[in-house]
Amino acid sequence: RTEFKGGSEYNDTYNLNFYHTFNQDNKSVIGLKRSEVSFKGNTWVLNRQGNDRNKGIVNRSLDSIQIQEIVMNNEEREEIILRGELADSTYKDLELRFKIVSLSKITPAIDSLKLSGEINGVLNVRQEDEISLPIGNLNIADFGVNGAKLGELDIGMVGNKDLTEFSVNTQITENGREKFSVIGTVLNQGEVPTANLNASFNGFQLEPFSPLGDGVIDHIRGTLNGTTQIRGDLRNPEFSGLLTLNDAGLGIPYLNVDYDFGQNSVVRLFNQTFDFQNIRLTDRAEGTTAVLDGTISHQFFSDWRLNLDVDTQGERFLLLNTEYDEEELYYGTAFAEGTGRIFGPTNALNINFEGSTARGTSLKIPISDVASLGDYSFINFIEKDERRTIEAQRTLREYEGLELEFDLDVTPEAEVEIVVDPQTGSSLKGTGAGLIFMEINTNGKFNMWGDFVVVTGSYNLKYGGVIDKT
């Protein structure tokens with residue numbers, strides 16, 4: 001009997017009961033008695049019937065094992081059966097049979113990706129030398145991603161006799177209509193498997209993949225249509241095709257802006273790059289427009305990077321639409337005319353903009369925690385052991401989030417308001433002209449440089465609900 005814990009946070013428990021004997025061929029037999037495994041909070045019973053078929057037979061040289069049968073099920077009549085053979089580290093032939101098994105119960109935790117559905121079918125995992133590829137036919141009913149149902153997923157993969165070529169036929173259908181398919185072959189003739197596949201999209205939904213924006217981009221939406229070829233190294237294949245987006249868009253929560261993409265927006269795929277070709281953006285709050293052009297690329301389906309250009313084409317465009325929050329260093333509404341660039345990895349995105357402010361801009365900067373010079377000590381006495389702590393605090397941590405830089409020609413159409421007392425509403429408000437450079441990020445940085453000439457200004461003093469003078 002053995003008991004142990006596993007999983008990334010040691011939340012999975014294994015309570016296993018074994019027995020050992022020899023069969024008539026004098027081979028070692030390791031059998032499994034009734035046991036329990038808890039994985040992702042779900043309890044499975046192994047060999048519930050307590051029979052002698054749940055066992056493995058080890059040959060005399062101890063370099064191979066034949067698994068006759070291991071049956072695992074639960075109170076909801078979900079069942080997994082494992083059979084097969086293992087030989088040292090170079091060969092395996094395992095068969096897994098699934099019967100009404102919930103996908104969420106057996107798949108590992110994946111950041112920003114929660115899979116759901118009900119699996120039925122057979123999956124073989126074949127390995128020769130260091131190459132391992134699956135073979136089988138699986139049906140996943142009510143397949144979903146992040147809570148959104150996509151349809152019925154059928155996965156088919158069949159190999160030839162020497163496992164050098166596999167035929168792939170996979171599709172997602174909903175109400176009899178095919179929304180996604182991958183058809184072609186995978187070749188297993190070199191150091192790594194290579195793909196020769198064709199993928200088709202027909203009204204494929206993007207909403208379920210919104211969490212992949214990692215909080216920097218959200219509300220990813222729309223439907224995808226078109227075809228693409230998938231060639232080369234299966235781990236990092238090259239794409240070639242043309243896709244169109246309809247009813248698509250995305251949001252940037254830090255700026256509280258949400259943009260719709262124009263209908264039939266075109267995305268060209270090449271290598272590991274998605275090329276967005278002159279897509280018209282329309283903000284959902286005010287209806288202002290701009291044009292988006294550029295690329296999103298990846299390596300091995302990670303390290304996603306953006307390199308996008310935005311051009312307002314001489315028209316005003318909404319860049320900021322936030323409301324007062326006591327934790328924020330600024331808020332308000334900002335419209336601009338000019339050009340911008342969105343670049344960098346998705347977890348540390350940069351937005352640069354160069355242009356001029358436009359009609360409707362009203363930027364508010366609250367002043368809080370005001371202190372006089374006398375509030376600060378210029379000499380601080382510390383304990384000897386505190387030095388290391390202070391040095392650690394001075395070390396800048398690697399920045400992740402959203403970094404913004406604005407190089408603006410401020411026009412009199414823009415209004416700037418310094419909120420002196422957020423509780424009473426006292427504020428200094430004005431318009432003017434000048435050149436301002438701003439640096440902002442989601443870690444609280446807010447820097448401004450430049451020259452600004454006041455054209456108009458007013459001070460609104462409010463106090464105790466009695467005084468209200470401008």
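Salt bridge R221/D247: absent, no basic N to carboxylate O contact under 4.0 Å.
The aromatic rings of Y14 and F4 sit parallel, their planes meeting at an angle under 30°, below the 60° perpendicular limit. Classified by interplanar angle (parallel below 30°, tilted 30° to 60°, perpendicular above 60°), the ring pair F201/F180 is tilted. Classification of the Y324-Y331 ring pair by plane angle, with boundaries at 30° and 60°, yields perpendicular.
Atom CD1 of I140 and atom CG of L103 lie 5.0 Å apart (nearest 0.5 Å). Interatomic distance, L150 CG to T173 OG1, rounded to the nearest 0.5 Å: 11.0 Å.
Side chain to side chain, E405 and N350 fail the donor-acceptor criterion of an N or O pair below 3.5 Å. With hydrogens and angles left out, the side-chain atoms of R280 and T289 include a donor and acceptor closer than 3.5 Å. Judged by distance alone, the side chains of T456 and T431 do bring a donor and an acceptor atom under 3.5 Å apart. At a cut-off of 3.5 Å, with distance as the only test, no side-chain donor of N264 or T244 sits close to an acceptor on the other residue. Residues S116 and S104 have side chains that never bring a donor and an acceptor to within less than 3.5 angstrom of each other. T43 and E36 share no side-chain donor-acceptor pair at under 3.5 Å.
Under the 4.5 Å side-chain criterion, counting only non-hydrogen atoms from C-beta, L435 is in contact with D409. With contacts defined as side-chain heavy-atom distances shorter than 4.5 Å, the pair E118/N139 does not qualify. At least one side-chain heavy atom of I80 sits under 4.5 Å from a side-chain heavy atom of L96. With a 4.5 Å cut-off on side-chain heavy atoms, E238 and N271 count as touching.
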Pair N246-T223, side-chain hydrogen bond (donor to acceptor under 3.5 Å, both in side chains): steps then yes or no: CA-CA 5 Å; N246 285 296; T223 57; 4.8 Å; no
Step-by-step side chain to side chain contact (heavy atoms under 4.5 Å, CB included) determination, E174 to K149: CA-CA 9 Å; E174 185 177 37; K149 296 290 180 66; 5.6 Å; no
Worked check of side chain to side chain contact (heavy atoms under 4.5 Å, CB included) between L404 and L255: CA-CA 10 Å; L404 304 100; L255 302 175; 3.7 Å; yes
From CA spacing to verdict: side chain to side chain contact (heavy atoms under 4.5 Å, CB included), L320, L363: CA-CA 9 Å; L320 175 72; L363 181 65; 4.1 Å; yes
Pair R316-E413, side chain to side chain contact (heavy atoms under 4.5 Å, CB included): steps then yes or no: CA-CA 12 Å; R316 70 179 191 138; E413 291 180 311; over 6 Å; no
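The side-chain contact (heavy atoms from CB on, under 4.5 Å) test with F276 singles out one residue from T295, V267, L306, D293, and that residue is V267.
In the displayed structure, K105 atom NZ is contacted under 6.0 Å by more than 12 heavy atoms of other residues, nucleotides or ligands. Within 6.0 Å of CZ in R177 there are more than 12 heavy atoms belonging to other residues, nucleotides or ligands. Counted within 6.0 Å of NZ on K40, heavy atoms from surrounding residues, nucleotides or ligands total more than 12; the atom is thus considered enclosed. Within a 6.0 Å sphere centred on CG of N447, other residues, nucleotides and ligands contribute more than 12 heavy atoms.
Taking every heavy atom of both residues into account, T322 and Y254 meet most closely at CG2-O, 3.8 Å. Taking every heavy atom of both residues into account, Q205 and F209 meet most closely at O-CE1, 3.8 Å.
Every residue meeting the salt bridge (charged side-chain N to carboxylate O under 4.0 Å, His left out) condition with R235, not counting sequence neighbours, appears here in chain and number order: D233. Residues passing the side-chain hydrogen bond (donor to acceptor under 3.5 Å, both in side chains) test with S200: none are found, sequence neighbours excluded.
In terms of modelled atom types and a separation under 3.5 Å, the side chain of T357 and the main chain of T411 share a donor-acceptor contact.
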